[in-house]
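Heads up: the structure comes next, in structure tokens.
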Protein chains: 4
Amino acid sequence: MAHDLLKGKKGIIFGALNDLSIAWKVAEKAHEQGAQFVLSNTESAIRLGEVNALAEKTGSRVIGADASDVADLEKLFKETMNHFDGKIDFILHSIGMSLNVRKKRPYDDLDYNYMMKSIDISAISFHKMLQTARKLDAINEWGSVIALTYVAAQRTFYGYNEMAEAKAMLESTARSFGYIYGRDKKIRVNTISQSPTLTTAGKGIKGIDDLFDFSERMSPLGNASAEDCADYCVVMFSDLTRKVTMQNLYNDGGFSNVGMSWKAMQVYSKSLEELHKEEGRIVD
Amino acid sequence: MAHDLLKGKKGIIFGALNDLSIAWKVAEKAHEQGAQFVLSNTESAIRLGEVNALAEKTGSRVIGADASDVADLEKLFKETMNHFDGKIDFILHSIGMSLNVRKKRPYDDLDYNYMMKSIDISAISFHKMLQTARKLDAINEWGSVIALTYVAAQRTFYGYNEMAEAKAMLESTARSFGYIYGRDKKIRVNTISQSPTLTTAGKGIKGIDDLFDFSERMSPLGNASAEDCADYCVVMFSDLTRKVTMQNLYNDGGFSNVGMSWKAMQVYSKSLEELHKEEGRIVD
Amino acid sequence: MAHDLLKGKKGIIFGALNDLSIAWKVAEKAHEQGAQFVLSNTESAIRLGEVNALAEKTGSRVIGADASDVADLEKLFKETMNHFDGKIDFILHSIGMSLNVRKKRPYDDLDYNYMMKSIDISAISFHKMLQTARKLDAINEWGSVIALTYVAAQRTFYGYNEMAEAKAMLESTARSFGYIYGRDKKIRVNTISQSPTLTTAGKGIKGIDDLFDFSERMSPLGNASAEDCADYCVVMFSDLTRKVTMQNLYNDGGFSNVGMSWKAMQVYSKSLEELHKEEGRIVD
Amino acid sequence: MAHDLLKGKKGIIFGALNDLSIAWKVAEKAHEQGAQFVLSNTESAIRLGEVNALAEKTGSRVIGADASDVADLEKLFKETMNHFDGKIDFILHSIGMSLNVRKKRPYDDLDYNYMMKSIDISAISFHKMLQTARKLDAINEWGSVIALTYVAAQRTFYGYNEMAEAKAMLESTARSFGYIYGRDKKIRVNTISQSPTLTTAGKGIKGIDDLFDFSERMSPLGNASAEDCADYCVVMFSDLTRKVTMQNLYNDGGFSNVGMSWKAMQVYSKSLEELHKEEGRIVD
């Protein structure tokens, strides 16, 4: 549904790889609502993914940038402002990567060089983006910046590993920079905490299928999809949420506030019954 | 700005008294976005306030109901469904009243009959509304229910008195009923935690002016106005936030996540300086 | 282990029924640490339970009181101060009861008279206790008051029903009264959020066995027992936690901050595998 | 007061510089309660500070280590186990430093090399400590690990700068490692969120005096002192809190749960009155 909610608004969308990406859906929905934007990702992601097809479809320009490299970000913001002949109104940060997860290092055997890199890519990149934008005065008043996160920043999910720390830092950055950017330039900064999503990155997480099922049955409305997330991003970029800032917003079908659902318990109990028969007792 | 965000949607808006009311602004904005609705309030509020003028302006019907009276609610929902010849899509609960505050009973000298009444009017009314809607199957799938609340449910504000407990209960009800209503009917239930607002009710709170100023200077974007809140309600009633449920959403310019701002500290420090001179020391 | 942590301290312990009760364990541990106290419960609980045996064992006096009855509370506090010839130092509130749960009314078919009663017994009783103590100036400076609660105040557990609202209100009361009692009398008020515990009351909760197992496997240290809770109460009554107030303290083996554990997932996945075979797909 | 709460327990205390340090008070109180421990800090802090005097007073050994250097930590843990001829029972992490604050870089002009270093010293050091202990199997079952933090991890305090991110990451690490260490070895990991404290490090924070005053008047029990914090650490190291893990525990006189106190508002309002006279209006 098009409502022209973002008519006249310009932005930068980071992190679209292919049509499974949340950033891809955000681009489609933002385009549908009248926004113009630059798509950005690392050069290798641009090569490996299909972002150029998305650019064509949405009439966007692709500008490569490593979001952990300040010089790249400066170049990106300058080119973007040139391209639009003016400031932008919104940014999406959909970037995250754990080297320790990739290298199968468990959380009690982390490589600290990897960790530093994961933190840099997944969290400090957000600060770099904001600081670069601030220095170049790249965002209009009442602009809106969103980063995507996961509830593992609040609660431990086994296997999520160092990304928990990265997301905790990312969310803290939204608060800290949101305070300054709001006070000085009326720009809001928020994070959206999204259901587990079967993106190319999401699919890489150990045990994601079972977690996805658990999350689905725990959430009264089921897991939020990439499209749902894109809708929420549109809303947060629009002028209808101007005083919402420094928040972590759950787009998760209710998961974050469920302790135990009937549906999830049915699955759990079924298995428990079997265990009882085998073990003769409940907890050992 | 009209975007037809609520085109075809029907609802009930509780709590509009006069044009200072948040519910009043919600009605105006919802109307602007294409919604139709019934306005409801107690009979005495309808008499004392100006809700009929609002009804005329927005082409709405006014149906009196005491939201703490289940029979009244049943009548209201039935008449509303009759009026629209079908189910509704959204409800706003903007209702709160503290008898102990009104009667100037401090928090350590509460009258418990008053307290029960305050809780009934301000919190249990929300459960009654939801349970009545549920029993009458009055809300369409993917419908949306919002209640307004305040950050005093999380942190103590001197003078807010028993309303802290009422709001804590209200927010808990949004979670508990949101779980059931989401699971069974795909209906979402959320609360919006709004900045202090100088409504007729808000103005009655002791020391509200100074608190309003403190809140304004603490919030990087300043206090959210009744209009800002109405925009957020529109967004939450729309189809763009379908998977957001059981949440407490801060619409407060950032207040909830600020520990101390530079602006508020300037005011505080100025006075502190005077105190130093008078007392010769900081803390006693 | 006796450390004389509560030597010279006097208190009132509400809610001991039999040796499964948390309050029972608190009494035993507090006695071990040198405290003296009055045991209180309703007259019928005293008759039905074994509190007199506990009184004998701990050299305590039993004074019946309905904690939702202010006159009873006044009598209790006065008699207690008489008994000890002075003020007290600590209170334990371990009281909770849901009439709607007892009468098997589901959350979307609540009886509101029952609900009012449940709230009165489970939450407002705590305010009544604090207000009565405050008016009678019954607690020494640096005294400590604890109420027991459950994480359902933050997240929905199916079947916990209206007790979620009662606990949310109880925790809010700890903050609101904690502010006043701290400011005026240096008395701290906290809640301890305890693992599911197989007390006589706990055993009555629908599906408690399976929930207990889930909670056990989710918590890295396993569920906290009634004894563990009693240890924590001792600590909170002692002079070693003097500046901790208005807090909700989780005594739950880590449950509250786990999103998904390896152990719980093993049980869940086992059943899921079966479902796969049967249904041919994961989520429906 | 000595209660032999830590009798027989051994540990490592990081971060004592001089008698203003919280770690110094923890050492004194732990000693008083029967604990033995190794004191550790960087070589330069040992040289500049007075930790050797503390060691003498408490019969402890001092072992220098840079907590951000894994090799140093390995050496420290091995020497400590040698010294005690066995495993330890507790660790205190009281370490934090912001290079950007030191170099007066504001939050929107951070140097990222400094930031990496601040994060490494203040947050990743905690992971390094835990991982090293885990690999060397250095902690006994039911051991307890504490790190000190500040409420700026949850809410923005102007001037606290990148330390907000460091503390957010530190608290996340307590959850993530607490899950693993609890599950595998029954060891608990928590953070204590302490009032602003006028330590040598604390005194260096911009505007700390006024913030200290604000915090004091906001907290119903006043700010918690270093001694109060040490008492809480003792409690958390003792066997009385065995099932408390993955938590962030506020030791702050109630500050974290106060939105506005009467005492703080008196100061604020006084100044506001002056502003009114000068400006003729409240908010601009």
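Both backbone and side-chain heavy atoms feed into the values below; hydrogens, waters and symmetry mates do not. Keep in mind that this is a model prediction, so the values were computed, not measured.
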Problem - Lys/Arg-Asp/Glu bridge criterion (N-O < 4.0 Å) met for Arg134(D), Asp109(A) - result: no
Exercise for the section: Please report the C-alpha distance between Glu165(A) and Ile124(D) in whole Å, then the side-chain angles of each, then the deciding distance to 0.1 Å, and finally whether the side-chain contact (heavy atoms from CB on, under 4.5 Å) criterion is met. Expected result: CA-CA 10 Å; Glu165(A) 278 67 65; Ile124(D) 297 180; over 6 Å; no
Completion exercise
Checking heavy-atom separations under 4.5 Å from chain A, one finds in residues 137-149 of chain D none
Exercise for the section: Would you mind checking which part of Ala153(D) comes under 4.5 Å of any heavy atom in chain A, side chain (CB onward), backbone (N, CA, C, O), both or neither? Expected result: backbone
Handout entry: Under 4.5 Å from a heavy atom of chain D, the part of Phe157(A) involved
Key =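 Neither; nothing under 4.5 Å.
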Exercise for the section: Could you tell me which portion of Lys167(A) (side chain, backbone, both or neither) has an atom closer than 4.5 angstrom to a non-hydrogen atom of chain D? Expected result: neither
Handout entry: Partner chain D: residue of Arg183(A), Gln154(A), Met115(A) with the largest heavy-atom pair count (under 4.5 Å)
Key =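 Top option by heavy-atom pairs under 4.5 Å: Gln154(A).
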Handout entry: Glu162(A) CD to His127(D) NE2 distance, which is reported to the nearest 0.5 Å
Key =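 So the CD of Glu162(A) and the NE2 of His127(D) are separated by 8.0 Å.
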Handout entry: Contacts with chain D made by residues 170-181 of chain A (heavy-atom distance under 4.5 Å), listed by residue number
Key = Ser172(A), Thr173(A), Arg175(A), Ser176(A), Phe177(A), Tyr179(A), Ile180(A)
Problem - Closest non-hydrogen atom pair between Leu110(D) and Gln131(A), with its separation - result: N-OE1, 2.8 Å
Handout entry: Atom NZ of Lys75(D) with >12 non-hydrogen neighbours under 6.0 angstrom
Key =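 No.
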Problem - Atom NZ of Lys117(D): over 12 foreign heavy atoms under 6.0 Å - result: no
Exercise for the section: Using the test salt bridge (charged side-chain N to carboxylate O under 4.0 Å, His left out), find all partners of Lys243(D) that sit at least two apart in sequence or belong to another chain. Expected result: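 Lys243(D) satisfies salt bridge (charged side-chain N to carboxylate O under 4.0 Å, His left out) with Asp228(C) once adjacent residues are dropped.
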Practice task
Please name all residues satisfying side-chain contact (heavy atoms from CB on, under 4.5 Å) with Lys104(D), sequence neighbours left out, ordered by chain then number.
Solution key: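 Here no residue qualifies.
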Problem - Greatest number of heavy atom pairs closer than 4.5 Å to chain A - which of Ala123(D), Ala166(D), Ala168(D) - result: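 Heavy-atom pairs under 4.5 Å are most numerous for Ala168(D).
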